[in-house]
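To keep things clear, I will list the structure first and then write my remarks on it.
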Amino acid sequence: MAEHLLQASWKRQVKAMTAAAGSAGQAAVPLLLCALLAPGSAYVLDDSDGLGREFDGIGAVSGGGATSRLLVNYPEPYRSQILDYLFKPNFGASLHILKVEIGGDGQTTDGTEPSHMHYALDENYFRGYEWWLMKEAKKRNPNITLMGLPWSFPGWLGKGFNWPYVNLQLTAYYVVSWIVGAKHYHDLDIDYIGIWNERAFDINYIKVLRRMLNYQGLQQVKIIASDNLWEPISASMLLDSELLRVIDVIGAHYPGTRTVKDARLTEKKLWSSEDFSTLNSDVGAGCWGRILNQNYINGYMTATIAWNLVASYYEQLPYGRCGLMTAQEPWSGHYVVEAPIWISAHTTQFTQPGWYYLKTVGHLEKGGSYVALTDGLGNLTIIVETMSHKHSMCIRPLLPYFNVSRQFATFILKGSFSEIPELQVWYTKLGKPSERFLFKQLDSLWLLDSGGSFTLELQEDELFTLTTLSTGSKGSYLLPPKSQPFPCVYKDDFNVDYPFFSEAPNFADQTGVFEYFMNIEDPGEHRFTLRQVLNQRPITWAADAFSTISIIGDYKWSNLTIKCDVYLETPEKGGVFIAGRVNKGGILIRSARGVFFWIFANGTYRVTGDLAGWIIYTSGHADVTAKKWYTLTLTINGGFSSGTLNGKPLWKNVSVNFPKNGWAAIGTHSFEFAQFDNFRVEAIH
């Protein structure tokens with residue numbers, strides 16, 4: 001009889017659960033009966049035995065490289081809306097950490113970012129867009145943690161070598177000047193500084209950097225190393241007491257939620273200082289949800305930082321749409337608040353750096369995991385995820401198989417949490433559109449009658465946040481404009497008297513740096529131009545091309561006419577080009593194919609099928625010299641192309657069979673000064 005009563009009671013309980021869930025599928029309802037009635041497992045959340053590690057936050061990377069390139073060109077109000085979804089507290093991703101690239105003039109994945117010191121005696125703290133982005137983040141969240149990390153370095157630091165550690169003092173001075181400039185010109189306090197992204201570290205350099213920071217009164221700036229693997233940095237620290245002392249955080253990339261023994265033995269903070277890097281679909285969201293919990297459970301990592309912040313670069317560049325959200329159409333204003341934004345919110349909106357993980361965190365019996373954090377003042381946040389293997393694979397590393405199935409999980413609050421009367425509930429279900437919910441608030445849980453315990457029915461690919469905080473919210477704006485292709489007719493005369501940004505809209509530099517320039521000696525038509533400003537190859541992070549290039553437009557463009565005024569500054573050796581159908585960029589830029597129309601200061605022209613200049617379609621003499629303006633026109637139609645110089649045909653009906661489509665581009669033959677003006681492209685769709 002008792003058994004029947006229990007079953008009946010259990011059936012009523014399930015009915016109550018289903019009813020209470022309303023539109024959100026299965027939701028959490030406390031079991032009023034003894035927790036043992038649930039055919040599941042019990043998990044105790046307790047602080048009686050002290051707390052776990054201090055939580056340092058969830059963040060994202062802008063840069064590495066040029067990942068926020070198109071964001072700056074968005075019209076208002078859309079640009080501010082995107083920034084709100086990323087940084088505004090209790091609104092969207094509400095990020096705790098912003099990590100930016102210290103631009104070094106080299107190709108660093110999806111483009112180049114300009115250095116604050118192109119040349120030895122040059123300092124300019126207004127280039128690029130990372131300064132602006134950090135200020136916008138701080139405006140929304142004054143407590144956000146700021147980090148800087150170099151990928152490439154300007155060439156002069158290497159003194160002829162492709163290596164940043166030739167002169168340790170010089171490189172440290174360069175990096176410290178960036179930190180000082182951030183404060184002096186933008187009132188930005190940089191909290192953490194890195195060494196060299198995913199490349200070799202130099203033990204003596206790290207020590208020199210610490211000494212120089214201290215000498216400049218920047219004792220509060222912490223060092224994170226080495227933004228690569230856990231080793232050899234961890235072992236090096238254990239063998240060198242000074243190195244151990246000067247490094248504050250060990251940052252590893254794509255750790256697969258695991259750490260190593262040496263890293264733990266250092267007793268330093270451990271961070272996943274770059275992670276995610278996955279298409280921002282529901283699978284990417286599942287990856288992000290899983291690692292945000294399991295980086296701590298499996299690997300003791302107290303911060304996780306996503307590459308990248310926002311996918312604001314041409315989608316056909318490497319790792320297209322691998323941002324927490326997508327904003328790659330400044331010309332239309334269209335953007336997409338993708339699922340990873342709301343996955344972030346499950347943690348970020350209900351925790352803060354300085355909170356502590358409980359020691360009682362772990363895996364669920366039938367797959368998934370749970371963490372709990374507290375501010376030490378009575379607040380508690382519990383995050384439960386059940387991401388399945390299939391729907392949570394990150395781009396790297398390989399994910400060993402595991403199984404997740406439906407389960408009941410009972411959580412028992414003990415210690416200082418046993419008297420908590422109520423928990424707010426936030427819910428996400430990834431997967432089929434008909435069952436999909438993103439960051440939905442459910443009815444709160446009352447715990448007074450249940451002795452501090454509650455039971456969740458968990459399906460796969462779900463995320464629950466249960467929290468004492470009532471400040472969470474799902475921010476929203478009216479839908480942005482519809483997606484539109486890049487305009488078929490586009491022109492830019494670069495006539496900007498006082499540009500707010502150093503780069504012209506929509507041009508995405510892939511080797512070299514192209515900046516607004518004012519010709520003081522030319523009062524006429526070419527007073528304001530776009531200039532390629534690098535005169536030597538940077539210390540590279542990736543495989544920069546030997547020619548500079550900036551791409552623009554729609555990758556689907558096939559038949560088009562590109563017209564541009566060009567000015568060679570280097571006598572005899574100088575060369576410039578305009579191009580169409582450019583089919584590769586980012587780290588693959590060296591192998592870019594297309595139709596490239598070059599003119600050279602030695603009085604020749606060339607048409608090539610690739611940026612490297614190996615595939616020569618035609619060449620000949622042209623009436624060209626340095627220090628004079630010329631107008632180039634390139635027309636590509638079907639399998640043929642032709643070009644004019646100052647309106648006169650120079651070559652025509654040259655056969656071009658590959659590629660069929662790609663971006664438009666401008667560039668120079670080598671790392672040399674050259675100028676561009678009155679750019680115009682007309683594509684036929």
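The figures that follow rest on heavy atoms only: side chains count, while hydrogens, waters and symmetry mates do not. None of these values were measured; they are calculated from a predicted model.
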- Task: Flag the pair Arg531 and Glu569 as a salt bridge only when some basic side-chain nitrogen lies within less than 4.0 angstrom of an acidic carboxylate oxygen.
- Result: yes

- Item | Within 6.0 Å of NZ in Lys135, more than 12 heavy atoms from elsewhere | yes

Using a 3.5 Å cut-off and no angle test, enumerate the donor-acceptor pairs between side-chain atoms of residues 614-621 and protein atoms at least two apart in sequence or in another chain.
none

- Item | pair Trp132-Val72: side-chain heavy atoms closer than 4.5 Å | yes

- Residue of the set Asn280, Thr428, Leu438 for which side-chain contact (heavy atoms from CB on, under 4.5 Å) holds with Ile343: Thr428

- Task: Quick one: do Phe494 and Phe679 satisfy ring pair (Phe, Tyr, Trp, His ring centres under 6.0 Å)? Show the steps, please.
- Result: CA-CA 8 Å; Phe494 311 116; Phe679 176 86; 7.2 Å; no

- Would you indicate whether the side-chain heavy atoms of Ser344 and Trp288 approach each other to under 4.5 Å? yes

- Item | Phe126 ring center near Tyr185 ring center (under 6.0 Å) | yes

- Message: For Phe671, is there any backbone N or O sitting under 3.5 Å from a side-chain donor or acceptor partner on Thr548?
- Response: no

- Query: When you look at CG of Asp623, are more than 12 heavy atoms from neighbouring residues, nucleotides or ligands closer to it than 6.0 Å?
  - Reply: no

- Option among Asp509, Asn506, Thr112 that satisfies the side-chain contact (heavy atoms from CB on, under 4.5 Å) test with Ser550: Asp509

- Do other residues, nucleotides or ligands put more than 12 heavy atoms under 6.0 Å from Tyr319 OH? no

